[in-house]
Amino acid sequence: MPVMDRIVVEQARSGDRAAFARLATDLSHQLYPVAVRILRDPEAAGDAVQATLVDIWRDLPSLRDPDRMDAWAHRIVVNRCRSHLRKTRRLPAIVDLLEADRAAPSEDLSLEFRDELERAFARLSCDHRAVLVLVYFRDLTLQQSAALLGISVGTVKSRLFAARQAMRAAVDADARPIIQEGPA
């Protein structure tokens, strides 16, 4: 963490509201894209980020190492996303592609294939989505992802493997023709 960021975290820890406002703005820009990609619902993602910021404000004085602020905040937002998915007890709605996803369309992927990937991603658990988002969207290493999620590198590897397998299986299942049984 740069020196200035550490100073802002220290000031916010001591109750400085202006410092926390700067910190919250920076964190919102980092956490919202992660939450929206995990939840696939911009409104729910905004709620998760807001709840995360409230949690951070409340618990910031107990943060022992200001250099771990980023990892701590990511862990909280992933837990908030997990909690939201558990409360809704359903798969999140499939939403339109995010504006950031539209900005750089891939020439190689057809619209139909992107829809298949979206449906497959929506079927994943929150833990699997979080790992995919951190590794492939945020371009973090396995070690960085493990630190942000508060899990071991081995757990990141196993979740990443399982998530890719589940995505592959879902895409394969969608590609199979539907066979009608009974008289035609």
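These numbers come from the heavy atoms of this one structure, side chains and all, not from hydrogens, waters or symmetry mates. Residue indices begin at 1 and follow the sequence shown.
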Are any non-hydrogen side-chain atoms of [X] and [Y] less than 4.5 angstrom apart?
{"X": "Asp41", "Y": "Val36", "answer": "no"}
{"X": "Met69", "Y": "Asp5", "answer": "no"}
{"X": "Pro61", "Y": "Arg13", "answer": "no"}
{"X": "Arg138", "Y": "Gln144", "answer": "no"}
{"X": "Leu149", "Y": "His74", "answer": "no"}
{"X": "Arg82", "Y": "Asn79", "answer": "yes"}

If we count only N and O atoms by modelled type, under 3.5 Å, do the side chains of [X] and [Y] hold a donor and an acceptor together?
{"X": "Tyr136", "Y": "Arg164", "answer": "yes"}
{"X": "Arg22", "Y": "Gln11", "answer": "yes"}
{"X": "Ser28", "Y": "Thr25", "answer": "no"}

Drop me the distance from Gln30's CD to Leu148's CG, to the nearest 0.5 angstrom. 9.0 Å
What distance do Phe121 atom CZ and Ile38 atom CD1 have between them, rounded to the nearest 0.5 Å? 7.0 Å
Tell me the closest heavy-atom pair linking [X] and [Y], and the distance in Å.
{"X": "Ala170", "Y": "Arg123", "result": "CB-NH1, 3.3 Å"}
{"X": "Phe20", "Y": "Leu60", "result": "CD1-CD2, 4.1 Å"}
{"X": "Leu124", "Y": "Ala166", "result": "CD2-CB, 3.5 Å"}
{"X": "Ala44", "Y": "His84", "result": "CB-NE2, 3.5 Å"}
{"X": "Val8", "Y": "Ala19", "result": "CG1-O, 3.4 Å"}
{"X": "Tyr32", "Y": "Ala45", "result": "CE1-CB, 3.8 Å"}

Hey, is the main chain of [Y] close enough, under 3.5 Å, to the side chain of [X] for a donor-acceptor pair?
{"X": "Thr52", "Y": "Ala48", "result": "yes"}
{"X": "Arg75", "Y": "Ala147", "result": "yes"}
{"X": "Asp59", "Y": "Ser62", "result": "no"}
{"X": "Arg80", "Y": "Ala35", "result": "no"}

Steps toward side-chain contact (heavy atoms from CB on, under 4.5 Å) verdict (Arg129, Cys126): CA-CA 5 Å; Arg129 288 183 207 175; Cys126 182; 5.6 Å; no
Tell me whether Val131 shares a hydrophobic cluster with Phe137, the cluster being built from Ile, Leu, Val, Met, Phe, Trp, Tyr side chains joined at under 4.5 Å. yes
Should Val78 and Val153 be counted in the same cluster of Ile, Leu, Val, Met, Phe, Trp and Tyr side chains packed under 4.5 Å apart? yes
With a sphere of 6.0 Å drawn around CD of Gln143, does it hold more than 12 non-hydrogen atoms of other residues, nucleotides or ligands? yes
Around Arg58, counting heavy atoms of other residues, nucleotides and ligands shown, do more than 12 lie under 6.0 Å from its CZ? yes
Going through the distances and angles, do Thr155 and Ser152 end up as a side chain to side chain donor-acceptor pair (under 3.5 Å)? CA-CA 5 Å; Thr155 302; Ser152 71; 2.9 Å; yes
When Ile56 is tested against each of Val77, Leu27, Leu63 for side chain to side chain contact (heavy atoms under 4.5 Å, CB included), which residue passes? Leu27
Residue that, paired with Leu134, satisfies side chain to side chain contact (heavy atoms under 4.5 Å, CB included) out of Asp139, Leu140, Leu160: Leu140
Only counting residues at least two apart or in another chain, list the ones meeting side chain to side chain contact (heavy atoms under 4.5 Å, CB included) with Ser125. Asp127, His128
Quick one, Arg159 with Leu132, criterion side-chain contact (heavy atoms from CB on, under 4.5 Å). Give me CA distance, side-chain angles, the key distance, then yes/no. CA-CA 9 Å; Arg159 287 182 185 174; Leu132 285 176; over 6 Å; no
